[in-house]
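Numbers restart at 1 for each chain; the letters A, B, ... are given by sequence-line order, proteins then strands.
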Protein chains: 2
Amino acid sequence: MAFSERVSRLKSSLIREILAAAQRPGMMSFAGGLPAEEMLPSVDWAEMPTSMGQYGMSEGEPMLREALAREARALGITCEASQVLILSGSQQALDLTSKLYIDKGTPVLLEAPTYLAALQSFQFFGAHCLSLPMERDGPDLESLRELLSLNRPAFIYLIPTFQNPSGLRYSDRKRDEVAALLDEFNVTLIEDEPYRELSFDSVAAMPVVSRLNTTSWIYTGTVSKTLLPGLRIGYLIASPDLFPHLLRLKQSADLHTSRVGQWQVLQWLGTEKLDRHLEELRSYYRGRRDAFQAALETHFADLAEWQMPEGGLFFWLTLKHPIDTRALLEPALAANVAFMPGEPFFPEPDKHPGHLRLNFSHVAPDKLDEGLKRLSDVLRRALSQQAA
Amino acid sequence: MAFSERVSRLKSSLIREILAAAQRPGMMSFAGGLPAEEMLPSVDWAEMPTSMGQYGMSEGEPMLREALAREARALGITCEASQVLILSGSQQALDLTSKLYIDKGTPVLLEAPTYLAALQSFQFFGAHCLSLPMERDGPDLESLRELLSLNRPAFIYLIPTFQNPSGLRYSDRKRDEVAALLDEFNVTLIEDEPYRELSFDSVAAMPVVSRLNTTSWIYTGTVSKTLLPGLRIGYLIASPDLFPHLLRLKQSADLHTSRVGQWQVLQWLGTEKLDRHLEELRSYYRGRRDAFQAALETHFADLAEWQMPEGGLFFWLTLKHPIDTRALLEPALAANVAFMPGEPFFPEPDKHPGHLRLNFSHVAPDKLDEGLKRLSDVLRRALSQQAA
């Protein structure tokens with residue numbers, strides 16, 4: 001059996017295994033990132049016209065493209081509806097970006113850590129993934145300048161607002177300086193913003209793409225974190241030079257996105273109903289985050305450091321005594337507690353031991369203490385074995 | 001701007017241009033292949049549970065996979081639900097297949113002519129596309145043996161039932177012999193069957209995959225031709241050795257297919273409601289086909305030869321005096337009539353002049369005569385200019 005060369009880079013997904021284990025009865029899971037089931041809004045389909053059942057345009061529904069362009073302009077992004085491409089979830093933006101840019105060995109630049117599915121998609125297509133070191137308020141700018149000038153990456157992939165996994169949010173100043181550097185080196189920016197609306201403490205700063213003057217860009221978003229992930233509706237907005245290529249890649253990938261899902265999203269965008277729903281969602285997640293912070297302080301204060309996330313769905317812990325957290329997985333699952341080891345979120349996992357990603361939205365507050373205690377016990381045992 | 005090497009093979013789609021022109025007011029279009037709008041069934045969403053809005057499994061909804069496996073077994077395909085992967089339209093099967101098998105220069109074997117979007121996907125990924133000559137009842141078996149033994153293709157892609165564009169249907173005997181040859185040479189079969197249910201005269205013979213004994217296979221289908229294309233729900237069923245790879249490729253492409261669309265399809269599969277709808281659909285299309293056949297005999301009997309299609313949505317005309325039909329496109333559009341030139345359906349277009357694909361489902365019967373007369377006039381003028 002002769003498969004393509006790239007199939008040898010299809011990772012046997014640690015995540016799939018963890019998420020499968022996380023489904024076991026009695027398991028307390030900090031591993032996934034599902035929206036809270038009880039916060040899914042109920043939706044109405046009665047008014048949908050039958051014509052939504054016919055084939056549609058690869059670009060997406062015209063009115064939905066208009067609505068998304070309007071929202072993007074409110075974020076400072078200069079764009080027209082003609083630059084909006086509706087996707088089968090924003091994950092598809094990664095696939096299309098990979099196809100557009102990546103040959104075997106193509107250098108691309110990523111935050112370290114970065115979104116796991118992005119890293120896997122780029123690596124699958126054969127990219128040489130370069131790590132951008134991060135500070136508390138965004139990229140280390142000297143490193144960024146050096147990486148851009150030495151490697152001329154095909155693109156840089158950034159998640160400047162409540163990044164999965166780190167929760168990090170770029171400052172206004174860093175956003176400006178990153179944009180200026182990308183313009184200077186003429187490197188394309190892929191900006192991924194699934195979590196912008198899940199903001200608990202403050203309004204997030206304008207996107208980096210809104211600060212670019214000359215270089216090409218793709219901005220991508222989704223309704224999966226705010227409305228209904230099961231609809232699989234995401235989108236990208238691209239600079240006019242990139243759009244025609246992305247449209248053809250979309251057409252080749254799956255012709256067009258479900259019109260039924262697109263119609264439903266259009267019923268929500270820009271409505272008071274959505275504003276109210278988002279307020280409830282933020283308040284719900286804020287409560288979960290605050291409870292998680294309190295429980296973490298009880299059980300992990302002596303073991304790890306972290307920043308309280310201002311948005312998104314995750315805490316990112318940095319161990320004071322870094323060990324390979326992948327080794328904690330088996331004993332943790334045996335103790336019926338699931339989490340995500342931090343190493344796979346880096347292009348070079350072995351060089352970055354000692355982080356854990358913990359989802360705060362799934363486990364009910366009254367079980368939190370028990371779950372985090374179990375996890376900290378597993379960690380303490382591992383540390384004492386290492387010391388012995 | 002440095003794109004990937006494969007982007008240079010993204011075709012500037014002649015089809016997109018034709019279909020765009022076909023939308024112009026007053027245009028009579030034989031170019032597309034849309035289901036008849038008036039035959040789209042109305043659907044009910046009232047009973048859909050809110051939980052369909054949550055993230056789902058990359059494999060697809062368990063009950064839908066069961067239902068599709070049951071239908072496949074009724075076609076003689078030995079399979080379990082665990083071999084079924086729900087796709088965002090069956091077009092996605094082409095993308096996943098390309099990723100699984102094709103490096104630059106990988107030989108793959110296709111019917112000549114073949115489905116245009118398949119050809120484009122395989123070529124985009126860099127395949128060396130080899131042409132399998134066809135007879136009235138299926139592949140030329142001597143050529144098939146020679147191509148298999150000399151080229152060892154990574155896979156063969158076949159549409160044995162009412163092929164788009166040719167309308168061709170393999171005989172039972174040819175199906176058996178093709179299966180035996182693929183087993184003998186251990187070449188993977190990709191069998192694409194979007195049109196099986198659109199059968200006007202007789203029940204189609206069992207799929208070729210049901211006749212394989214040893215080699216690997218992927219069988220793919222869709223509800224786009226029978227129910228609602230706007231849902232974008234297709235599927236593949238694969239031999240167990242291929243399934244895990246395809247599942248990971250699906251997960252990487254778009255995580256999972258819309259659950260909302262999957263739920264709707266499940267409301268129809270195996271029901272009397274669907275059987276009734278299919279009967280109406282067949283009767284409607286049969287009427288359109290018969291009217292088209294009559295009008296063709298009036299205007300094209302001296303110009304072309306064709307077989308009346310027993311299913312699907314297209315007539316495939318072979319000109320008695322072959323000329324490059326791409327040259328007819330401009331004068332035809334100027335006369336407000338759109339059609340698909342045959343050349344692009346072949347891996348080597350310039351070697352196969354003199355075919356036209358005509359859709360029979362779209363233009364209303366009372367306008368048929370005028371449309372086909374205009375098209376035949378365009379052809380007559382071109383032939384007389386060539387003779388002059």
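Contacts of B:Pro244 with chain A are absent, with no heavy-atom separation under 4.5 Å from either backbone or side chain. For B:Thr215, no part sits under 4.5 Å from any heavy atom of chain A, backbone or side chain. Only the side chain of A:Phe124 comes within contact range of chain B, with at least one heavy atom under 4.5 Å from a heavy atom of that chain. There is no contact between A:Pro49 and chain B, counting heavy-atom distances below 4.5 Å. Proximity to chain B (any heavy atom under 4.5 Å) is shown, for A:Leu100, by both the backbone and the side chain. For B:Ser88, the parts lying under 4.5 angstrom from a heavy atom of chain A are both the backbone and the side chain. With a threshold of 4.5 angstrom between heavy atoms, A:Thr257 approaches chain B through N, CA, C or O but not through any side-chain atom.
Among pairs with a residue in residues 38-54 of chain A, those fulfilling side chain to side chain donor-acceptor pair (under 3.5 Å) read A:Glu38-A:Tyr284, A:Gln54-B:Glu37, at least two apart in sequence or across chains.
Comparing A:Gln264, A:Lys104, A:His245, A:Gln92 by heavy-atom pairs within less than 4.5 Å of chain B, the highest count is held by A:His245. Per-residue counts of heavy-atom pairs under 4.5 Å with chain B were compared for A:Ser121, A:Ala93, A:Ala253, A:Gly56; the largest is that of A:Ala253. Each of A:Gln262, A:Arg152, A:Arg259 has some count of heavy-atom pairs under 4.5 Å with chain B, and the biggest count is that of A:Arg259. Your options are B:Leu34, B:Thr106, B:Leu96, and the one with the most heavy-atom pairs under 4.5 Å with chain A is B:Leu34. In terms of heavy-atom pairs under 4.5 Å with chain B, the best-connected choice from A:Leu255, A:Asp254, A:Leu227, A:Ile233 is A:Asp254.
Here the closest non-hydrogen pair linking B:Tyr101 and A:Ser4 is C-CB, 3.6 Å. B:Lys99 approaches A:Val7 most closely through the heavy-atom pair O-CG2, 3.7 Å. Contact between A:Asp103 and B:Glu5 at its shortest, heavy atoms only, is OD2-N, 2.8 Å.
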* Evaluate side chain to side chain contact (heavy atoms under 4.5 Å, CB included) for A:Val43 paired with B:Met52, printing each intermediate quantity in order. => CA-CA 11 Å; A:Val43 293; B:Met52 286 295 113; over 6 Å; no

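By the neighbour-count criterion of 12 heavy atoms within 6.0 Å, atom CE of B:Met39 is densely surrounded, having more than that number from other residues, nucleotides or ligands.
In this structure, the side chains of B:Leu242 and A:Phe3 come closer than 4.5 Å at one or more pairs of heavy atoms.
A distance of 7.0 Å separates OG of A:Ser252 from CG of B:Leu10, quoted to the nearest 0.5 Å. Between the CZ atom in B:Arg232 and the CZ atom in A:Arg232 there is a gap of 15.5 Å [rounded to 0.5 Å].
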